[in-house]
Peer 1: 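Structure in structure tokens, see below.
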Amino acid sequence: MLDLSDDAWTAIALSVRIAGIATLASLPFGIAVALLLARGRFPGKMLVDGIVHLPLVLPPVVTGYVLLLLFGRRGPLGSFLADHFGIVLSFRWTGAALAGAVMSFPLMVRAIRLSLEAVDPRLEAAAGTLGAGRIATFFLVTLPLALPGVLVGSVLAFAKALGEFGATITFVSNIPGETRTIAAAIYTATQTPDGDAEALRLTVVAVVIALSALVVSEFLQRRATARVRATA
Amino acid sequence: MIEVDVSHRQGGFHLEAAFKGGDGITALFGPSGSGKSTLIALIAGLRRPERGRIVAGDRVLLDTEARVFVRRNRRRIGLVFQDALLFPHLTVRQNLLFGRLFTPRAERRIRLDPVVETLGIGALLDRRPATLSGGERQRVAFGRALLASPRLLLMDEPLAALDQARKAEVLPLIERLRDEFRIPILYVSHAVEEVARLAATVVMLEAGKVTAVGAPADVLRPVRQVDGNRFAVASVLAGTVGAFDTAYGMTPVHHPAGTIWLSGPLGEEGRETRLVVRGTDVALATSLPRNVTIRTALSGTVLRVLRDDGPLASVDVALSGGGVLTAVATRMGLDDLGLDTGDRVWALIKSVAVDERTAARGGMDGEGPRGPRRV
């Protein structure tokens, strides 16, 4: 039905891998930051909140450029990672994953934070009186109850990372097979004579992937919500 | 066995309470806002008081002078909340076994099977809390707290969210838990019937202060004019259950001052029981009346009359053979009869008003009782 070129298939596989890795890698940090913002009381909380949300309001190109400055070969973090761990992010697909993760982080944190705030702290107190320490309480009570929000946040982040364009192209450019995601491939196609059909096909693919992600998340969320429904 | 001596300020409220609880059930009794729930939170370790000392058994849980503060998860103090607070994402079985996970093996003295059997929750084990009724949830909450093998069980108005029928179903379970698992219980309530029925010791709290400590029969009696909720005045009578009268469906409870007739079967003959009689259900007569439907008449002498310019008065009657019964009457009625201290009287109790099984009746639940006072 959709007669996709090999290049298109490469872009699709790359996009899914980049968005998937971006989501999975940022999830622990997303949960930690959401917990900090939901439960923490410390000076400068507003500032942390602001920094987390910055990628949402900054032009994506700016975010990409900041990433390039920090994680580029000669950037302070980039040279550190390259020298000590041999990890190079700039102009690599891993860099695209980083850009996607940073851009989708606010959405993820927001969803998780809301669901954490909805957890009745008295349930945690109950766990405490039953002998559970803070860490056990978090993993046995708080996190399972916030699971619907974690799922929603993950899917939103995945979809956002999948469509990320501005920061990605600034940070890791548009290298076929390495950093050319669906979004970049569509952009490239529109810049090529006779590329309209390719652009349209990839657009349909992007819509299908994004829609499937939303449907799956809705399904998972319903199941999770049914499980934790009505704080008993 | 708990010793509490704490001082805690919260906004404009100042809690300054010291008491000791023994074996069996100790009730913290007082109106809403008297500091009962704060006290529970301090004992459970959910809050830290400004100053104080809390000892459970031989373990010091809090001593601000010695800078001791045992965290809530190390206190091994069970807590049953008013609204059960079961973990909604876990099954009943998982809820029950939650605390066991964190109990050192050597201290797991309470096992699942007897708890499930006592509470009658065997059929619920694989269900989730959202599918349970209020009474069922509260039973599971009792089990969950018990199975952590706590040193002491705190119950914060565990029946308050239940309707009458559920209360009557859950109340006897609390007595069974106390007896079968030999666990001291600190029971918070503002329902006089619950307290009178369950407690060995009552700690009366008012405005953050302990105003009286003692047996329910002594503490629940007003020593001053009835000026608050007259429905909160109650007496506790001890008696022996007699043989069930099948023809009329009545059971006698024998007291030295007379026989108290209750409707319905009360179980085993010869059993000792405690009855809660509200002051508003007692009428006084100077001679034994013939032409009334009331079957229960107890003889005694007027011990004390508490009255002022208000319309109501309370009369303590020392019953023949021991026990004190408090009647709430109108000042008008007392003057008509000319009743005074030392007079012989008959205390008439309507059988339909007394029920050994009833925990609390309507009218008690909204406002906390302010009747019993000791200043």
Side-chain angles (χ1 to χ4, degrees), chain A residues 27 31 34-35 38-42 111-155 217-232, chain B residues 40-41 43-47 70-92 94-104 107-108 127-134 136-138 140-141 143-154 156 161:
Chain A
L27 193 56
I31 292 172
L35 193 65
R39 294 285 159 81
R41 270 190 230 155
F42 56 95
I112 299 174
R113 177 185 179 173
L114 282 176
S115 65
L116 284 175
E117 282 171 349
V119 174
D120 189 344
R122 295 183 312 150
L123 284 173
E124 294 164 346
T129 62
L130 290 168
R134 281 186 195 174
I135 293 168
T137 300
F138 177 74
F139 283 106
L140 293 176
V141 177
T142 317
L143 193 58
L145 288 174
L147 199 61
V150 173
L151 289 174
V152 170
S154 302
V155 172
S217 106
E218 184 69 13
F219 173 74
L220 290 176
Q221 194 196 350
R222 276 198 199 160
R223 276 192 42 184
T225 313
R227 261 175 25 120
V228 303
R229 172 176 48 110
T231 336
Chain B
I40 287 288
I43 296 170
L46 303 183
R47 280 188 229 163
V70 178
R71 291 169 53 98
R72 63 178 80 152
N73 56 315
R74 301 249 176 258
R75 289 200 175 191
R76 314 228 4 262
I77 302 263
L79 176 54
V80 177
F81 299 82
Q82 189 173 335
D83 45 351
L85 285 176
L86 301 179
F87 302 122
H89 59 299
L90 302 179
T91 62
V92 166
Q94 290 166 331
N95 265 284
L96 288 170
L97 292 174
F98 190 93
R100 223 179 145 68
L101 213 58
F102 304 101
T103 311
E107 303 194 41
R108 292 179 187 170
R127 286 169 58 182
R128 288 193 189 275
T131 68
L132 304 182
S133 72
E136 288 170 339
R137 280 179 204 176
Q138 206 53 276
V140 175
R144 183 178 69 172
L146 261 179
L147 280 163
S149 303
R151 294 189 174 89
L152 170 78
L153 206 49
L154 307 175
D156 191 1

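Keep in mind that the numbers below use all heavy atoms, side chains included, and drop hydrogens, waters and symmetry copies.
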Peer 1: Is any side-chain heavy atom of A/Gln221 closer than 4.5 Å to a side-chain heavy atom of A/Pro148?
Peer 2: yes

Peer 1: Could you tell me whether B/Asp83 and A/Arg122 make a salt bridge, using a distance below 4.0 angstrom between a side-chain N and a carboxylate O?
Peer 2: yes

Peer 1: Do any side-chain atoms of residues 126-144 of chain A form donor-acceptor pairs under 3.5 angstrom with protein atoms, and if so which ones, sequence neighbours left out?
Peer 2:
from: A/Thr129; atom 1: OG1; to: A/Ala126; atom 2: O; distance (Å): 2.8
from: A/Thr137; atom 1: OG1; to: A/Ala132; atom 2: O; distance (Å): 3.4
from: A/Thr137; atom 1: OG1; to: A/Gly133; atom 2: O; distance (Å): 2.7
from: A/Thr142; atom 1: OG1; to: A/Glu124; atom 2: OE2; distance (Å): 2.7

Peer 1: Side chain, backbone, both or neither: which part of B/Leu101 has a non-hydrogen atom closer than 4.5 Å to chain A?
Peer 2: side chain

Peer 1: Of the non-hydrogen atoms in A/Val150 and A/Ile112, which two are nearest, and what is the gap between them?
Peer 2: CA-CG1, 3.8 Å

Peer 1: Answer with side chain, backbone, both or neither: which region of B/Arg71 has an atom nearer than 4.5 Å to a non-hydrogen atom of chain A?
Peer 2: side chain

Peer 1: Answer with side chain, backbone, both or neither: which region of B/Ile77 has an atom nearer than 4.5 Å to a non-hydrogen atom of chain A?
Peer 2: backbone

